[in-house]
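Quick caveat: nothing in here was measured; it's all calculated off a predicted structure. Below, chains carry the letters A, B, ... as their sequence lines are ordered, and counting in each starts from 1.
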Amino acid sequence: MGFIERFLHTLSEPRWGVHPDDRKRPAADAPLRLLPMPKRLYIPLQQHVGQPARSVVLVGQRVLKGQLIAEPQGRISAPVHASTSGTVFMIGDITAPHPSGLAFAAIGLEPDGIDASAESAVPADPFALPPAEITRLIAAAGIVGLGGATFPSAVKLALGQRSGVATLIVNGGECEPYLSCDDRVMRDAAPAVVDGVRLMMHAIGAREALVGIEANKPEAIVAMRKAAAPFAAIRICPVPARYPMGSDRQLIQTLTGKEVPSDCRAADVGVIVNNVSTANAVHRAVRLGEPLIRRIVTINGGAIWQPGNVMVPVGTLVSDLLAFAGVKSEPERLVMGGPMMGTVLPHASVPIVKGTAGILALNAEEIAESEPGACIRCGNCTRACPAGLLPLEMAARIRAGDLPGAEAFGLSDCIGCGCCAYICPAHLPLVQYFNHAKGELSTQERTRLRNDAAKRLAAERAGRLEREALEKSAAAARRKAERNAAKAAEAARASPAVPTTQHAEKNTAALVETSS
Amino acid sequence: MFAAVASLALLGAALGFGLGIAARRFAVESDSLVDALVAMMPGSNCGQCGQAGCAEAARLIAEGTAPVTSCPPGGKALASALAAKLGIPLDLSTVADQEPRIASIAEDICIGCCRCIKVCPTDAVIGAAKQIHAVIREACTGCGACIERCPTEAATLQPLPATVSHWVWPKPDVPAYPAPALAN
Amino acid sequence: MSEYLVLLVSTALVNNVVMVRFLGLCPFMGVSKRIDGAIGMGLATSFVIVLAASLSWILEHWLLVPLGLSYLRLLTFILVIAAVVQFTEAAMRKIAPDLYQMLGIYLPLIATNCSVLGLPLINMQEGHGFVTAIVYDFGSALGFTLAMLVFAGLRERLALVRVPHAFSGAPIAFILASQMSLAFMGFSGLNFK
Amino acid sequence: MNDLPLASTPASSPHAKTADAVPRIMLTVAATLVPATLFAFWLYGWPAIFVWLITVGSAVLGEAVCVRLAGRPVARTVGDGSALLTGWLLALSLPPWAPWWIGAVGGLFSTIVGKQVFGGLGCNLFNPAMVARVFLLVSFPVQMTVWVTPLPITAPTAPGFHDGLLVVLNGIPKLDAVSSASLLGFAKTELSRGVDLMHALAGTGAPTSSLAGARAGSLGETATLLIAAGGFILLARRLITWHISLAMLIGLAVPAAVAHAADPGRYLDPASHLLSGGAVLGAFYIATDYVTSPNTDLGQLIYGLGCGLLTYVIRTWGGYPEGVAFAVLLMNAATPVIDRYVRPRILGRDRRGAPLDPATQRVKS
């Protein structure tokens with residue numbers, strides 16, 4: 001590449017983001033493997049954004065593969081299905097794939113090894129169905145965004161349809177280092193992905209679909225181009241390989257030039273983003289009647305013997321997957337997801353969920369952990385931030401305890417991508433600062449709402465007490481009036497002194513009036 | 001001598017007249033500050049600050065008699081909001097956000113005396129005479145008024161259980177100059 | 001015209017009332033913790049300075065000198081300043097109640113800001129004409145506001161770092177002011193000839 | 001709230017880190033100064049080497065003592081190279097044959113009062129090297145303005161190791177024989193004597209002599225070309241961005257060009273301005289100090305222009321012949337204000353921070 005071309009290339013590159021060593025190969029090139037059915041599965045009830053699902057099975061109950069075991073509750077929720085046939089042996093808590101190491105509810109399933117499927121009806125021609133019917137099928141299959149956000153897909157598609165979205169963006173960016181599950185899906189099942197894209201376009205009523213694939217996945221681009229060739233409405237668009245290209249706002253901006261306003265959703269600017277794996281899941285749900293009960297997971301990292309992509313039933317423990325792929329050395333850190341945004345796992349006995357794109361067993365050299373130093377205000381974080389924020393200013397304020405100050409610098413626009421903390425020469429834990437502040441602020445917000453509710457309740461109580469007091473005094477006055485009237489009547493019977501009675505009656509009337 | 005006295009007196013009178021006009025022109029009706037502070041207070045009149053109620057506490061805070069940190073249920077958020085409103089500096093490290101707690105009533109000890117129901121500022125305790133009482137989680141502010149009233153110690157404050165969705169990342173601890181340890 | 005411009009620059013920068021003449025240090029240290037407050041204080045003080053100085057000039061030249069009462073100068077000026085500060089306070093309470101809250105005790109203390117009394121006295125000492133006096137005071141007020149703004153900016157940033165225990169608070173503020181003063185020494189001897 | 005079942009804080013994402021680190025940045029910057037410094041050593045001989053050693057040594061010593069007193073790890077803090085760099089830059093801005101105590105006091109002042117009292121690296125608000133230089137200049141104006149004619153170390157009359165040590169310890173013998181004025185100082189004195197600059201500078205060969213460095217000045221003033229080369233390495237390695245450097249040079253050159261065109265007898269030409277004094281050193285190494293400069297592109301442009309403009313104003317009309325240090329300090333003071341009012345546009349928001357209008361984004365394609 002000549003100097004001029006390189007210069008032009010540099011100019012055309014987005015100005016945000018970082019370029020971490022991608023370490024996707026050789027895992028991306030290894031053929032897909034199938035995980036043998038583990039001894040036990042722990043299928044969590046909350047594998048999506050929104051309300052957790054509610055179990056509809058009992059301990060001891062036998063279930064079939066694909067059978068509904070937990071139903072959605074609330075507007076934003078998703079059902080959960082049995083990943084294989086077997087017996088429910090527990091409904092209770094298991095450690096969540098969450099840095100806190102706290103527990104959440106899951107259904108324990110003991111596979112019977114038969115893997116018998118539940119019956120399911122498949123529409124003959126889904127394109128003849130009304131869009132709402134496709135959305136219903138997707139909702140019933142429990143499909144959530146598989147890129148990591150795990151937002152229920154049916155809710156998103158319905159929203160897209162309501163807001164008249166014309167463009168479906170299919171996210172094949174997979175910008176996180178190490179991960180290659182989306183790459184594998186596109187290489188192995190390009191026709192299925194394209195079919196899923198068409199089904200989603202039908203469900204939304206979108207006119208076109210843009211599939212953004214990072215330029216570092218040439219095989220996937222070729223496969224997808226071939227599969228999408230018959231459909232003019234689907235365009236395959238290679239995008240520069242730069243983290244975080246797979247973040248929806250960045251991908252939308254790169255592909256369409258549109259900028260999603262910070263208080264809006266993508267649908268408000270006429271765009272919906274879905275992951276390629278989600279498209280594949282939609283295809284399987286609508287064409288084959290298979291709910292989302294398994295997914296491709298990248299197992300990678302320096303501590304793994306055989307890195308690669310594995311088809312894993314939802315609910316498999318990470319330890320089972322590690323045993324399958326082989327562990328070379330005790331990993332320094334276990335991460336679910338990519339190295340940039342993934343969550344650290346407290347231990348390996350946590351279940352793999354619908355949104356698990358990868359399990360990384362990293363060794364010390366890969367983490368490159370070092371003690372944080374002082375911020376030298378070099379501004380690398382500012383240049384790397386894809387949201388145009390000033391991470392150094394926000395972190396300084398959070399450190400000083402000034403959370404509103406950090407908010408004024410745009411903390412709510414931070415997407416937590418980790419570019420700033422990756423690039424920081426002082427190795428400051430910037431993402432942790434921001435996550436801490438976001439958590440504190442939402443706790444404060446919850447407290448505020450709670451206090452408002454308390455204020456309302458207190459006011460209501462005061463009102464009630466006042467009302468009760470009034471009623472009491474009114475009742476007392478009435479009784480007194482009745483007594484007086486009775487007395488007066490008696491007195492009247494004793495001596496016919498008319499004016500006195502009249503006077504008493506007037507008094508009573510006045511009393512009743514004032515107290516009512 | 002006379003000129004000096006007269007001119008100063010005249011000057012004083014003129015300036016005083018001007019100030020009088022200004023005072024009338026720029027009159028501020030009422031002390032809107034106290035009202036603004038009352039609106040910011042939790043409003044449950046729980047009495048943990050030691051004042052008769054939130055309005056009284058707000059008045060004292062506006063006067064500067066009570067510190068902005070005197071409201072335990074308001075915590076850090078309220079303290080910093082009040083400090084910002086009053087334009088005074090605040091060292092947030094001295095304010096400990098109390099762990100969110102709610103009252104709970106042990107069913108086997110409760111004798112159904114109804115005393116807690118009467119004192120609860122938010123009507124969060126339900127029950128009737130000789131019936132076991134219960135606390136509505138959403139309505140309880142954790143003020144502890146019922147704890148003091150309960151004759152059998154059935155009412156206690158319990159921390160809210162930690163959940164995955166409410167968990168907050170701890171603040172990173174990046175060392176700088178430590179405060180010196182006290183000599184001797 | 002250009003001489004006024006030169007005068008403006010030289011009073012605002014070269015002979016900055018705070019950084020070079022070391023007048024008005026009380027609000028400079030007291031109300032410089034936050035930029036908003038500092039700007040408010042700067043503007044309020046500027047208002048007082050210009051108004052008080054022009055009134056003082058008028059009184060000096062039309063009242064005190066003709067009547068031969070120059071020995072009452074100090075007393076008269078203080079009276080005028082006190083009245084102007086009172087007026088500013090009343091006006092600010094109505095117009096900008098938040099700023100009024102924020103400035104707190106420092107607002108009436110403008111009356112004791114030595115630059116407010118010092119500038120009219122310098123005017124008389126140097127024998128400035130009315131317009132020159134106004135420009136001189138306006139430039140100085142501008143310099144005061146500028147110093148307040150810059151210093152408040154520095155202190156806001158200083159609030160974000162952990163200053164060693166022994167220096168935190170007033171000591172570091174004074175060290176900071178000294179370094180800022182060092183920077184302003186660059187203007188010394190500035191001469192637009 | 002955080003009653004963790006875990007023993008320690010969980011590790012936060014990202015689980016990968018750049019290989020870049022603060023000590024590496026500092027040492028790279030220092031490394032780019034080596035050619036210019038060696039050239040200056042050659043020009044000014046042993047006394048300059050001693051001054052450099054004393055200044056850098058006392059800067060590092062000051063830092064180490066403070067860190068020790070604060071009870072922090074000395075090796076790690078001193079090892080970050082920032083004190084070395086501060087001392088180095090200060091040494092480059094001192095007269096090459098300065099007495100030893102100038103270097104010692106300046107070095108100690110730069111790291112102790114300039115940096116450590118604020119809390120160390122990243123906490124100071126003014127450039128420590130420039131604070132120390134200005135402090136020395138206003139306290140010891142005589143010693144700080146004694147410049148010597150370059151006397152290459154290989155020249156027969158140049159002081160050797162021993163004589164060089166004596167020069168630094170006891171002062172310069174036969175001062176008149178070696179002393180000379182820097183170009184800016186010379187121009188200023190000549191002007192004040194009422195001599196026209198056209199005549200005054202006729203025989204000096206300015207500004208071409210500045211390019212090669214064969215004239216009196218501080219260490220960092222002479223090797224302008226080498227300093228600029230180091231600056232370009234910093235730019236190429238993306239350790240600094242072009243905004244501050246370019247803006248500062250423009251802010252200095254443009255007014256100089258305009259004024260010189262208007263009255264060449266009164267105002268120095270822009271090339272002399274750029275090549276003399278600390279202009280280039282300031283533009284690439286001093287004004288670009290991360291800690292004390294704004295952190296947005298636009299803010300850096302404003303800051304750089306301010307530095308250049310103030311340098312010009314102080315040099316031309318001020319009481320001091322050289323204004324880079326003052327200009328940088330003044331703009332350091334303005335940095336928090338610039339940072340407050342100049343902020344980058346947040347994605348999805350307009351410049352003022354209000355969310356964008358979805359309707360206009362919707363029709364975009």
Side-chain angles (χ1 to χ4, degrees), chain A residues 18 20-21 99-102 177 249 253 256-264 268-270 333 335 339-344 346 360 362 366-370 373-380 382 386-390 392-393 410 413 416 418 421-427 429 431-432 435 443, chain D residues 1-2 4-6 9-26 73 76-77 80 82 119-123 238-241 289-297 300 335 339 343-350 353-365:
Chain A
V18 292
D21 187 4
S100 66
L102 292 169
R249 280 167 195 246
Q253 197 185 20
T256 68
K258 294 178 181 181
E259 214 174 299
V260 184
S262 71
D263 59 345
C264 292
D268 294 324
V269 296
R333 193 178 292 175
V335 174
M340 298 297 283
M341 287 186 78
T343 50
V344 64
L360 307 181
L362 303 172
E366 288 169 292
I367 302 169
E369 178 124 298
S370 65
C375 172
I376 55 165
R377 301 180 61 83
C378 65
N380 283 352
T382 305
L389 301 173
L390 292 167
L392 75 169
E393 298 283 0
D413 289 290
Y422 170 82
I423 204 80
C424 179
H427 305 299
V431 174
Q432 193 183 340
N435 283 337
T443 305
Chain D
M1 191 78 194
N2 301 327
L4 296 178
L6 292 174
T9 308
S12 174
S13 61
H15 309 286
K17 284 262 154 70
T18 169
D20 230 351
V22 173
R24 202 153 141 175
I25 294 176
M26 295 290 172
R76 185 164 179 251
T77 313
D80 69 18
S82 61
L121 182 63
C123 300
R238 302 202 178 183
L239 287 176
I240 57 173
T241 56
D289 174 27
Y290 296 140
V291 181
T292 53
S293 60
N295 48 28
T296 55
D297 291 349
Q300 294 188 343
T335 294
D339 269 346
R343 292 193 188 166
R345 190 176 72 83
I346 296 172
L347 187 78
R349 293 180 184 272
D350 62 16
L356 294 175
D357 176 20
T360 57
Q361 295 297 320
R362 200 180 177 110
V363 295
K364 226 192 226 176
S365 62

Q) Closest approach of Ser13(D) and Met340(A), non-hydrogen atoms and distance? A) CB-O, 3.3 Å

Q: Locate the shortest heavy-atom distance separating Arg343(D) from Leu390(A); write the atom from each residue and the value.
A: CG-CD1, 4.4 Å

(Q) Report which part of Thr343(A) has an atom under 4.5 Å of a heavy atom belonging to chain D: side chain, backbone, both, or neither. (A) backbone

Q) Considering only heavy atoms, which portion of Glu393(A) lies under 4.5 Å from any heavy atom of chain D: side chain, backbone, both, or neither? A) side chain

**Q.** For the student: nearest non-hydrogen atoms of Leu356(D) and Pro261(A), plus distance
**A.** O-CB, 3.2 Å

(Q) So which atom in Val291(D) and which in Arg377(A) form the shortest heavy-atom distance, rounded to 0.1 Å? (A) O-CD, 3.3 Å

Q) By a 4.5 Å heavy-atom criterion (distance strictly below it), what part of Pro177(A) contacts chain D: side chain, backbone, both, or neither? A) neither

(Q) If you compare all heavy atoms of His427(A) against all heavy atoms of Asp20(D), which two are closest, and at what distance to 0.1 Å? (A) CE1-O, 3.5 Å

**Q.** Proximity breakdown for Leu392(A) and chain D, heavy-atom pairs closer than 4.5 Å
**A.** side chain

Q | chain A contact via Ser82(D) - side chain, backbone, both or neither, heavy atoms under 4.5 Å | A | neither

Q. Which one of Gly379(A), Gly388(A), Gly416(A), Gly410(A) has the most heavy-atom pairs closer than 4.5 Å to chain D?
A. Gly388(A)

(Q) Could you work out, with salt bridge (Lys or Arg N to Asp or Glu O under 4.0 Å) as the rule, every residue matching Asp297(D), not counting sequence neighbours? (A) Arg15(A)

Q: Measure across Tyr290(D) and Ile376(A) and return the closest heavy-atom pair with its distance rounded to 0.1 Å.
A: CB-O, 3.0 Å

Q | Leading residue by heavy atom contact count with chain D [cutoff under 4.5 Å; candidates Ala426(A), Cys264(A), Gly342(A)] | A | Gly342(A)

Q. Between Asp268(A), Asp263(A), Val260(A), which is the residue that forms a side chain to side chain contact (heavy atoms under 4.5 Å, CB included) with Pro358(D)?
A. Asp268(A)

Q: Select, from Cys424(A), Ala387(A), Ala368(A), the one with the greatest count of heavy-atom pairs under 4.5 Å involving chain D.
A: Ala387(A)

